[in-house]
Each structure stands twice: as C-alpha cells, then as structure tokens.
Visitor: 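Got a structure for you, questions after.
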Amino acid sequence: MKYLRWIWNRMDGIKWNTLIRIIAGILRVGCGLLMVWLCRSFIDRTIRTGSTHDIVMMVVFLVLTVVCRVILNQVYYYMSITAHTKQTNRIRLDAFNRLFDRRLYSDKEMHSGDVSSRLSKDIEVVGETTTSLLPRILITLIQLIGAFLLMRSMDRWLAWSLLLLTPLAIVFGKYIARPLRKMTLEIRDRESHIQMQVQEGVEHNAVLRSLGSEQWVAERLDETQDSLMGWVKKRARFTVVTRLVLSLCFGLGYLLAFVWGGLQLRAGAITFGVMTSFLQLVSQIQNPIYTLLNMVPQAIHSTASIDRLEEIFNQEPEKEGGAPETGTGKISGIRAESLSFRYATGDQPVFSGFSHDFRPGTKTSLMGPTGIGKTTLFRLMLALIKPDSGRLVIYDEDGEKDVSPDTRHDFVFVPQGNTLMSGSVRFNLQLAKPSATDEELREVLHTAAADFVFDLPEGLDTELGERGIGLSEGQSQRIAIARGLLRPGSILLLDEISASLDEATERELYTRLFNAYPGRTMIFITHRPTVSGLCDETIRIGDFQ
C-alpha cells in the first residue's frame with residue numbers, strides 16, 4: 001500500500017487525465033465485447049433470417065464499433081504520452097529541488113552519477129507505472145470481468161474453468177515478486193555505477209590521459225558492464241521460465257475451449273455464432289490474465305525505483321522554514337566562538353575551540369597548508385555544515401544572529417577554481433541575480449578585471465561549453481568572481497580567487513575590488529604572501545587546532 005500512496009501523492013496534475021483515460025479504456029473494452037455480441041448475432045440470425053436492410057445495418061454497427069475502438073485507442077495513446085511527460089517532469093523537478101534542500105557533506109552523500117541515474121532511469125520507470133501501468137491494470141480487470149460475464153451467459157462451466165487461472169496467477173505473481181525485486185535492485189545499482197564511471201571518465205578525461213590510465217579505467221567499466229549483463233541475463237532467464245509456464249497454461253486453456261466448443265457444436269448444443277463468440281471471449285479472458293501477469297514484473301521494477309527515489313526525497317533536510325531573506329546591505333562582521341567541527345567521515349577534528357572576530361569592514365587572509373580547514377571555515381560560515389559545538393555569529397549595528405541557511409544572503413562567496421556552467425556568459429552571471437541589468441553586469445565584470453568579455457564574438461551572449469570551455473582558466477575565474485559580486489551580501493568570502501592569474505592582473509583585480517567595496521568585510525583564503533600583505537590581518541588556521 002505504501003507504494004500506491006506514494007504514487008497517488010505524485011499524481012497531482014494528471015488525475016483528471018488518468019480518469020478520462022480509464023473511462024476511454026472502459027469504453028474501448030465495451031466496444032470489444034459489443035463486437036463479440038454483434039458477430040454472434042450476425043452469424044446466427046442476420047445472415048440466416050435477416051433482410052438486406054438488416055444485413056446493411058448490422059455491417060454499419062460493426063463498422064462503427066471498429067471505428068470507435070480505433071478512435072478511443074488514439075485518444076488513450078495521446079493522453080498517455082502527455083500524462084507521462086508531465087508526470088516524469090514533475091517528479092524530476094521535485095527531486096532536483098530536493099537536492100538543494102538536503103544537508104551536504106554528510107556520511108550518506110550520494111555520487112552525482114548515481115543521482116543522475118535515479119533522475120533518469122528510475123523516474124522513467126515510475127512515470128511509466130503511474131501513467132500507463134496502473135490504468136491498464138484497472139481497465140484489464142474490467143475487461144476480464146466483462147468477458148467472463150458474457151461467456152458465462154453462454155456456457156458457465158467453460159467460463160469458470162478459464163477463470164480458475166486467476167487465483168493461480170495471483171499465487172504465481174506473489175511467488176516471483178521477491179526474487180524479481182532483488183534482481184531489479186541489483187541491476188539498478190550496477191546501472192548507477194556505470195553512470196558514475198562514465199561521468200567521471202568524461203569529467204577527468206585530460207587527467208586520465210596524462211596518467212596513461214585510459215585502458216585501465218575502460219577495463220574497470222567493462223567489468224562493471226559484465227556484472228550488469230550477468231544480472232540482466234539472470235533476470236531474463238527467470239522471466240522466460242515464468243512466462244513459459246504461463247504461456248503453456250494459456251495455450252492449453254485456449255485449446256480446451258476450442259475442443260469443448262467443437263464437441264458442443266457437434267452435439268448441436270451451440271451454433272456457429274456461439275462457437276465464434278467462444279473463441280473470441282476465450283481470448284478476452286486469457287489475454288487480460290496474461291497481461292496482468294506480465295505487468296507484475298513491471299510493477300516490481302517500479303517499487304525498486306520508488307525506493308531509490310525515496311532515498312533522494314528522504315535525505316536529511318538542511319533546514320526548516322521559509323525562503324532566505326535578501327541582503328540588507330549593512331556592514332556586518334562575523335564572530336567564531338569556541339568552534340569545533342569534524343566531518344562525519346573524518347577521524348580527526350578540523351577545528352577544536354577556534355575563536356576569532358572578523359570585525360566589520362576588515363580584510364583578513366586565511367593561510368595554512370592544504371587540508372588544514374580554511375575551506376571548511378567558509379562552509380561553516382555559509383551554514384552548508386553545522387559546528388559540533390560553539391557558534392558563529394553575524395553582527396552589525398542593529399544586533400546579532402547565529403549563522404544559519406537563512407543568513408546565507410549576508411555573504412558573497414567566490415569558490416576556488418573554475419565553476420562555470422555550460423551556457424552563455426550572461427546566463428552564468430545571472431545565476432547570482434537573474435534580474436541583473438546589462439549595466440550591473442558590466443560593472444561587476446569591470447571590478448573583476450573581466451572586461452575581456454565585451455571583446456568576445458557575442459559579448460555577454462557568447463556561449464561557453466561545460467566548465468567554461470572556450471576560455472582560459474584565468475578568464476573563467478574572473479567571470480566567476482564577477483558572478484559572486486552580484487550577490488548583495490556584506491561579507492565577502494574569497495577562496496584563492498587569483499590562483500590562475502598573472503601578477504599584473506592579480507594586482508589590478510585587488511585594486512579594483514578594494515576600490516569598489518571599501519567598507520565590506522572581506523575574508524581571503526590564499527597561499528600568496530602578496531595577497532595577505534594587502535589585508536589588515538593574517539590568520540594561520542593551523543595555530544588554532
């Protein structure tokens with residue numbers, strides 16, 4: 001039942017579509033049963049005793065029945081396609097938004113390739129179940145009941161003997177559910193691992209080439225794919241055996257109906273029309289049962305996919321409450337009080353009793369060896385992670401407040417390295433402020449020493465590849481700086497922002513930055529003494545651990 005509740009809760013926006021399709025499907029079933037009854041009447045009465053007018057009218061009814069079924073089929077198909085697209089888009093968007101609400105850097109962090117696999121393959125499976133499988137199951141059950149009642153009106157013993165396959169099918173379906181679900185989970189897991197390896201291979205292509213490890217990495221992917229193939233074959237063999245047993249049962253059932261009808265026809269107990277109807281109705285009873293059994297594996301596949309998607313939806317949330325506020329523009333400081341922190345997967349604390357007051361308007365450089373905790377301090381300030389003890393406090397002339405996700409608007413953060421996305425330069429800048437005007441964009445680009453943008457072929461509308469392909473590392477870094485400066489926060493967190501710049505460009509960057517924001521609080525992570533020499537004070541993080 002929990003899976004049905006999950007699906008029902010994810011059907012907002014397509015419930016009316018689903019209801020209309022179920023009605024269309026029921027009408028289609030009705031047309032099929034009407035066709036059986038009309039065929040019987042046509043053979044037994046109209047052909048033998050009817051007038052020419054009766055024959056013409058019967059043919060017209062038969063044609064109209066066929067046309068109605070065709071039209072209903074196409075209506076059902078069109079509405080299924082639109083519902084499926086709408087549903088998968090909705091689930092994908094909800095899951096994508098959930099990724100931005102989850103707590104980062106936990107011991108249950110998902111690999112990006114695994115997430116991509118879930119947002120594609122698993123959502124496709126769940127969408128197919130929601131928009132197609134469940135309505136088909138209901139319609140098929142109605143078809144089975146209708147065909148049974150019509151056959152029972154002709155021969156109740158044959159009808160009941162054919163329906164005895166239904167409890168057999170239920171027991172059989174329950175028997176295969178658990179092993180089939182286990183095999184599906186194993187297959188999904190290996191598909192995710194393949195996605196991870198491919199994604200990382202593409203992302204680190206140049207590094208792998210420089211290490212000469214292309215063949216070794218390709219062999220690892222081949223091993224994972226062989227493992228996937230093994231589980232796919234195992235599931236396929238299991239499915240083939242189950243379908244073989246069911247197909248033999250249904251084939252023999254059809255033969256039983258054929259022989260029974262032939263004997264009844266020979267004894268004069270039934271007419272040719274009834275015989276024709278028998279064979280049609282046997283198909284309309286057996287096919288639904290067989291279809292339902294074929295739907296069982298699909299339903300089991302979808303439960304595995306629902307569980308995998310629920311792992312995304314059930315990740316620990318970052319915070320409770322509404323959307324963050326906008327920056328106030330007031331000059332703020334930030335104070336660390338007895339701060340202690342250790343990562344969930346770490347064996348040593350990063351901070352233990354760290355305290356410092358970054359006073360409003362001051363410029364501070366953070367120095368120390370790689371891995372000592374400089375970037376971790378920025379993450380704590382941005383509330384991307386929580387301290388184990390102690391607190392971080394933002395304060396200004398109006399008072400103070402503890403750091404939380406809702407105080408993220410008080411910061412301007414420029415991360416280390418190339419963080420550009422595929423799209424235009426304008427798009428990359430507007431990530432920080434979608435409503436930014438061209439004048440605002442021009443201003444921050446100038447402050448970041450990125451005026452070169454206006455010399456590009458399309459200026460702000462120049463398209464960039466993944467991670468800013470088409471630009472140098474230094475150019476990409478300066479655009480990332482400009483993007484950060486569009487934020488309204490009064491505390492600037494700048495992580496190695498000039499690491500890819502030459503000395504002259506670096507000097508020009510800091511000159512413009514200090515002139516543009518003379519009163520802002522700035523905290524720099526740097527390894528360069530020239531940068532720390534521009535600051536009011538320098539903190540060596542390792543001294544506080």
Side-chain angles (χ1 to χ4, degrees), residues 13 86 89-102 104 112 115-116 119 317-319 321-330 332 378-379 381-384 394 403-471 475-495 497 509 512-513 516-517 520 522:
K86 186 171 184 178
N89 286 349
R90 173 68 181 274
I91 296 176
R92 186 180 296 108
L93 182 61
D94 288 347
F96 187 72
N97 284 329
R98 187 67 187 85
L99 294 175
F100 294 106
D101 290 334
R102 76 192 196 282
L104 298 177
S112 58
V115 173
S116 296
L119 295 188
E318 178 182 65
K319 67 182 182 71
E325 306 168 12
T326 58
T328 62
K330 294 182 179 180
S332 303
F378 277 10
R379 290 172 181 168
M381 290 178 175
L382 292 167
L384 297 174
I394 296 177
V403 160
S404 73
D406 286 335
T407 64
R408 208 168 283 157
H409 62 271
D410 288 300
F411 295 94
V412 171
F413 175 53
V414 180
Q416 182 180 4
N418 183 347
T419 57
L420 299 186
M421 300 173 66
S422 58
S424 67
V425 176
R426 184 190 302 276
F427 164 75
N428 273 277
L429 293 171
Q430 288 177 328
L431 288 171
K433 187 178 181 181
S435 61
T437 64
D438 283 3
E439 184 57 35
E440 289 176 296
L441 300 182
R442 184 179 295 275
E443 182 180 337
V444 293
L445 286 168
H446 177 73
T447 302
D451 303 279
F452 68 87
V453 166
F454 300 101
D455 296 327
L456 296 174
E458 301 296 330
L460 286 168
D461 296 313
T462 299
E463 290 290 323
L464 306 177
E466 184 180 11
R467 297 183 65 82
I469 290 177
L471 301 176
Q475 289 175 323
S476 297
Q477 196 167 40
R478 281 177 280 167
I479 291 176
I481 295 170
R483 178 179 61 194
L485 296 178
L486 281 170
R487 297 288 295 161
S490 64
I491 302 174
L492 278 62
L493 306 180
L494 310 169
D495 189 352
I497 62 170
L509 169 65
R512 295 185 184 185
L513 188 62
Y517 306 103
R520 297 283 185 93
M522 298 186 188

Visitor: The test is side-chain contact (heavy atoms from CB on, under 4.5 Å); show your working for Val403 and Asp410 and say whether it passes.
Guide: CA-CA 10 Å; Val403 160; Asp410 288 300; over 6 Å; no
Visitor: State, to 0.1 Å, how close Ser404 and Ala383 come at their nearest heavy-atom pair, and which atoms those are.
Guide: C-CB, 3.3 Å
Visitor: Counting only heavy atoms not in Phe96, do more than 12 fall under 6.0 Å of its CZ?
Guide: no
Visitor: Could you check if a side-chain atom of Met522 sits within less than 4.5 angstrom of a side-chain atom of Leu513, using non-hydrogen atoms only?
Guide: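 Heavy-atom side-chain distance check passes, below 4.5 Å.
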Visitor: Would the distance check show the side chain of Arg426 and the main-chain N or O of Leu460 forming a donor-acceptor pair, the cut-off being under 3.5 Å?
Guide: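 Not confirmed, Arg426 side chain does not pair with Leu460 backbone.
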Visitor: Looking at every heavy atom in both Ala95 and Leu119, which two are closest together, and how far apart are they?
Guide: CB-CD2, 3.4 Å
Visitor: Once rounded to the nearest 0.5 Å, what's the spacing between atom OG1 of Thr447 and atom CG of Leu485?
Guide: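 Those atoms lie 6.5 Å apart.
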Visitor: Looking at Phe413, is Arg487 sitting on its ring face, NZ or CZ under 6.0 Å from the six-membered ring centre and within 45 degrees of the normal?
Guide: no
Visitor: Check the pair Glu463 / Glu458 against side-chain contact (heavy atoms from CB on, under 4.5 Å), numbers first and verdict last.
Guide: CA-CA 8 Å; Glu463 290 290 323; Glu458 301 296 330; over 6 Å; no
Visitor: Return the minimal non-hydrogen interatomic distance between Ala448 and Ala482, and the atom names on each side.
Guide: CB-N, 3.7 Å
Visitor: Please round to the nearest 0.5 Å and tell me the distance separating atom CG of Leu486 and atom CG of Leu431.
Guide: 10.0 Å
Visitor: Evaluate side-chain contact (heavy atoms from CB on, under 4.5 Å) for Leu492 paired with Val414, printing each intermediate quantity in order.
Guide: CA-CA 8 Å; Leu492 278 62; Val414 180; over 6 Å; no
Visitor: Which atom names give the shortest non-hydrogen contact between Leu493 and Met381, and what distance separates them?
Guide: CD2-SD, 3.7 Å
Visitor: Side-chain contact, heavy-atom cut-off 4.5 Å: Leu445 with Phe454?
Guide: yes
Visitor: Pair Arg90, Asp94 - check salt bridge (charged side-chain N to carboxylate O under 4.0 Å, His left out), show working.
Guide: CA-CA 6 Å; Arg90 173 68 181 274; Asp94 288 347; 3.3 Å; yes
Visitor: How close do Arg512 and His446 get, counting heavy atoms only, and between which atoms?
Guide: NH1-O, 2.5 Å
Visitor: Please assess Leu420 against Phe427 for the test side-chain contact (heavy atoms from CB on, under 4.5 Å), listing each intermediate value before the final yes or no.
Guide: CA-CA 10 Å; Leu420 299 186; Phe427 164 75; over 6 Å; no
Visitor: Is it true that atom CD of Glu443 has more than 12 heavy atoms of other residues, nucleotides or ligands lying nearer than 6.0 Å?
Guide: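 Counting other residues, nucleotides and ligands, CD of Glu443 stays at 12 neighbours or fewer.
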Visitor: Supply the atom-to-atom distance Leu509 CG to Ile481 CD1, rounded to the nearest 0.5 angstrom.
Guide: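 These two atoms lie 5.0 Å from each other.
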Visitor: Which heavy-atom pair separates Leu494 from Ile497 by the least distance, and what is that distance?
Guide: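 Looking at all heavy atoms of both residues, the shortest contact is CB-CG2, 3.7 Å.
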Visitor: Within this structure, what is the OG1-CG distance for the pair Thr462 and Asp455, rounded to the nearest 0.5 Å?
Guide: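 Rounded to the nearest 0.5 Å, the OG1-CG separation comes out at 10.0 Å.
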Visitor: With rounding to the nearest 0.5 angstrom, report the CZ to CD1 distance, Arg408 to Ile394.
Guide: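 Answer for the CZ-CD1 pair, Arg408 versus Ile394, is 11.0 Å.
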Visitor: Is the backbone of Ala450 close enough, under 3.5 Å, to the side chain of Arg478 for a donor and an acceptor to pair up by distance?
Guide: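 Here the side-chain-to-backbone pair does not exist.
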Visitor: With a cut-off of 6.0 Å (strictly less than), are more than 12 heavy atoms of other residues, nucleotides or ligands near CZ of Arg442?
Guide: no
Visitor: Just verifying a value: how many Å separate Leu456 CG and Leu464 CG, rounded to the nearest 0.5 Å?
Guide: 8.0 Å
